[in-house]
Amino acid sequence: MSKTGCLFFSLLFSATAGSAVPEVKVLIAKSLKNIIVEGVDLQKRIHTQNRSQQYHGRKRIAFNCAPARSAVRQTFPRSPLLVASLSSPTGLISWGDQKYKGELQLLTNPAKESCDLVNLVPMEAYLTTLLAKEMNGTWPVEALKAQAVAARTYAFDRLKRGMGLESDDRLYHLESSEKDQVSGSVRDVTPNTVQAARETEGEILMGPSGRVAPAFFHAKCGGKTLRPDQVWGGVEEGYRSVTCSFCGKTGMKDWRYRLRGQKLTSMVDQVLRRYYADETSGTDVRLMPDSLHNSELRLYVGDRLHIIKKSYLRSLAGRETLPSNNFIMTAKNKDFIIHGAGNGHGVGLCQLGALELAKRGYDYRQILSYYFPRHKLKKAY
Ligand SMILES: [Zn+2]
């Protein structure tokens, strides 16, 4: 690809008058029985008793989240409840060996009769820790900036949707896990992650209609990216599958997995039941010719043709078994061989591709416009 070629469209940039950096509530730990936080000049608010307390100097505060044995049902609320929040106006708050900016909030976790820990943190501070976890704090700044915009867009989308997205009683916007995106603590921050967040402050990606759409990313596409509908079924506007020749030499090597015919039959049956409200009516699987362009497998079980998404097979098999959705299946005697490339779901920004592009001198706007060719960059605050 030529650096001056027409593959890169310059991202349209629209600025909004500067407004405050939003704060995001991130679930950082689940099902804790005991929580000990520490900090200087801590402010403690016990919401359940409408009581506040200000400490001076260094203070260590312990919370016991295990319910009293004799009165579990009476003491443990059925819905998550904000019990306490702690902040330090002069510094950071420690939990275990991690340090956090912003506020730590204790929520009850009714299912596990324990506590969850949430960090209420300004978006930009959140991103300085996330970049070290989702990418690598030592990577080139332009790659980190592309990641910062993608991760900010994802978090901003969750923020806009509010906290009732998956269950009405959820008291946070997103969790620090592969379910959403992984963030860290102040200990993970590096000069590069700080610079990447600062130099893209407030910038997010918008779909062609001007709507904020979640900007997905993954470790390594293995040759081409995928659209959200090819992987999850839902349609997100603006996405295209793009070829990527930049991640091939780094990261996970191409992989191979062998499936017994019987095993594939059983997996196809499970995929049909779980995702298609259908089931198989036979035992012999015959695979129609597959190619890397196909995001679906076409196979006969008995005399019925079934079309199933490769990504659903991966969901069932697990990420260790099928590291990516970028694979091709062939029949060999009574077995099936899966040859794959890449690591991760394959949608949106390819991180190892971004790394390579940054090393070649491309800036973050060019990197983003390659993986999100129809999205526009916007300053949201
Ligand atoms: Zn790639």
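Whatever order the structure lists ligands and atoms in, that order sets their numbers, starting from 1. All of these numbers come straight from a predicted model, not from anything done at the bench.
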| message | Counting C-beta onward and ignoring hydrogens, is there a side-chain heavy-atom pair between Glu38 and Arg58 closer than 4.5 Å? | response | yes

| said: List the residues meeting ring pair (Phe, Tyr, Trp, His ring centres under 6.0 Å) with Tyr275, not counting sequence neighbours, and say none if there are none. | reply: Tyr312

| In terms of SG positions, are Cys65 and Cys115 separated by less than 2.5 Å? | yes

| said: Is a donor from one side chain sitting under 3.5 angstrom from an acceptor on the other, for Arg45 and Ser52? | reply: yes

| task | Tell me, please, whether Tyr55 has Lys44 positioned over its six-membered ring: NZ or CZ under 6.0 Å from the ring centre and within 45 degrees of its axis? | result | no

| message | Determine whether the aromatic ring centres of residues Tyr370 and Phe246 are separated by less than 6.0 angstrom. | response | yes

| field | Distance filter under 2.8 Å, centred on the Zn ion (ligand 1) - protein N, O or S atoms that pass it | value | Cys221 SG, Cys244 SG, Cys247 SG, Cys350 SG

